[in-house]
Amino acid sequence: MIYLDYQATTPVAPEVASAMQPWIEERFANPHSPSRWGHEAAAAIEFARKQIEKALGFKGGGIAFTGSATEAINWALKGTVEKERGNGRSRVITLATEHAAVLDSCEWLAEQGVDLTVLPVQSNGRLDLDLLARELDERVLLVSVMMVNNEIGVTQSISEIADMAHRNGAIVFCDAVQAFGRLDLSTGPDLVAISAHKIHGPKGIGALWMKKGKEPAALIHGGGQEQGLRSGTLSPELCVGFGAAANLANERATRDLDHVQRLWTAALDSLGPRWIVNGCTQCRYHGNLNIRREGLDAARLVADLRDIAFSLGSACASGSGRPSHVLRALGLDYREARSSIRLGFGRYTKHNELVEACERIAAAAVEQEKLDA
Ligand code: PLP
């Protein structure tokens, strides 16, 4: 099996698995209980929290743990509107290329009476900042823009977007799930969602970073954990795993990024001609290679090469059979979107296996073309 689906999830780092082990097997105390064991578990969680906050690098705030980034996103958007709506602002701006967790939360807010604007992107996947400038007015409460797109890897200028939104008095939320642990995060957002399993950590844990004073309304009521904003017993093993993954990503940032750049070049070289990269090739995280080939039936290609794990787009969208909303937002027609595949690689991808996979993908595409001729 050659694993090329790093945007869907990443392999758990060995260091992360060993950091988690004792908290699963022996040190099972409730971190919120007053026993010595409880205190130890609580201290381990606080240590992990600091590791994540350090890796994030933002000043003047802190994280609350959540069960996933999807939860953090829902909380940031819905909780901010709930808290701030009385202030006379009721407009939310987001982009057509956002993750379903953002778009569906925004649609839900629109059903509750929020005035929703979903901005288009340019054909390279980037937001036109002049368009944003024209849209920003005193009614805008919240601007939600992701940093690295999960389907095409294209980045947005979060610092500039945040500056513009802040000058208009809006709050800025950033889905940094695909950026955290991979790229330097820009400064600027008030709220940031991240997820452990995209940075070689465990599944089932995410976090919301909140600037002091910009915390959304409480999400879950109960035992008062996470500053009374998100109740529920925290899992020491998941928090410790997330912390270890963040720490590792922080330490290895340059090495990981150099590796990814080399893999990107090797992948393009071994695919050969006739493949077109979807989205900007420069403003991009290079561990995401979303490409198309004229006439290709991408779903058939994925089915034909079952021992290579790659996908058509987001893991969520792949199952639906619908062509990707992100590719459609770039202006690709139905056929072009259906002939696109996403190869995702990173820290543990070996050069040789990537080259082998790309050569086999290219050969299978040629074979398909011959059969269809
Ligand atoms: N946002 C982006 C950009 C993602 O890629 C994902 C995961 O696919 C999510 C949000 C949701 O993250 P989680 O799996 O932690 O809910």
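Every heavy atom of this structure was used, including side-chain atoms; hydrogens, water molecules and symmetry mates were not. First listed ligand is number 1; within each ligand, the first listed atom is number 1. Treat the numbers as computed from the prediction; the structure is a model and nothing was measured.
No part of Glu71 comes within 4.0 Å of ligand 1, judged by heavy-atom distances. At a 4.0 Å heavy-atom cut-off, ligand 1 touches Ile73 through the side chain alone. Looking at Asp175 against ligand 1, only its side chain comes within 4.0 Å, counting heavy atoms. At a heavy-atom cutoff of 4.0 Å, ligand 1 is contacted by no atom of Ala101, backbone or side chain. Of the heavy atoms in Met146, only side-chain atoms (C-beta onward) come closer than 4.0 Å to ligand 1.
Salt bridge Arg89/Asp115: absent, no basic N to carboxylate O contact under 4.0 Å. Taking 4.0 Å as the cut-off between side-chain N and carboxylate O, Arg27 and Glu237 do not count as a salt-bridged pair. Between Arg49 and Glu46 there is a salt bridge, since a side-chain N of the basic residue sits under 4.0 Å from a carboxylate O of the acidic one. With respect to Glu369 and Arg274, a salt bridge is recorded, a charged nitrogen being found less than 4.0 Å from a carboxylate O.
Between Ala69 and ligand 1, at least one N/O pair is under 3.5 Å apart. Between Gln7 and ligand 1, no pair of N/O atoms sits closer than 3.5 Å.
The local environment of NZ in Lys211 is crowded, with over 12 non-hydrogen atoms from other residues, nucleotides or ligands closer than 6.0 Å. Enclosure of atom CG in Asp184 is not indicated, since only 12 or fewer non-hydrogen atoms of other residues, nucleotides or ligands lie within 6.0 angstrom. Heavy atoms from other residues, nucleotides or ligands lying under 6.0 Å from CD of Glu294 number 12 at most.
Using a 4.0 Å heavy-atom cutoff, Lys203 is absent from the residues neighbouring ligand 1.
Placement of Leu332 and Leu95 within a single hydrophobic cluster is found when ILVMFWY residues are connected by side-chain heavy-atom separations under 4.5 Å, directly or transitively.
Within the listing of ligand 1, atoms 15 (O), 16 (O) sit less than 4.0 angstrom from a heavy atom of Ser68. Of all atoms in ligand 1, listed by their number and element, those nearer than 4.0 Å to a heavy atom of Lys198 are 5 (O), 6 (C), 7 (C), 8 (O). Annotation for ligand 1: atoms under 4.0 Å from non-hydrogen atoms of Gln178 are 3 (C), 4 (C), 5 (O). Below 4.0 Å from some heavy atom of His197 lie the following atoms of ligand 1, by number and element: 13 (P), 14 (O), 15 (O).
Counting only non-hydrogen atoms, the option in Ser195, Ala196, Ala100 that gets closest to atom 15 (O) of ligand 1 is Ser195.
Ring planes of Phe242 and Phe180: perpendicular class, angle over 60° (limits at 30 and 60°).
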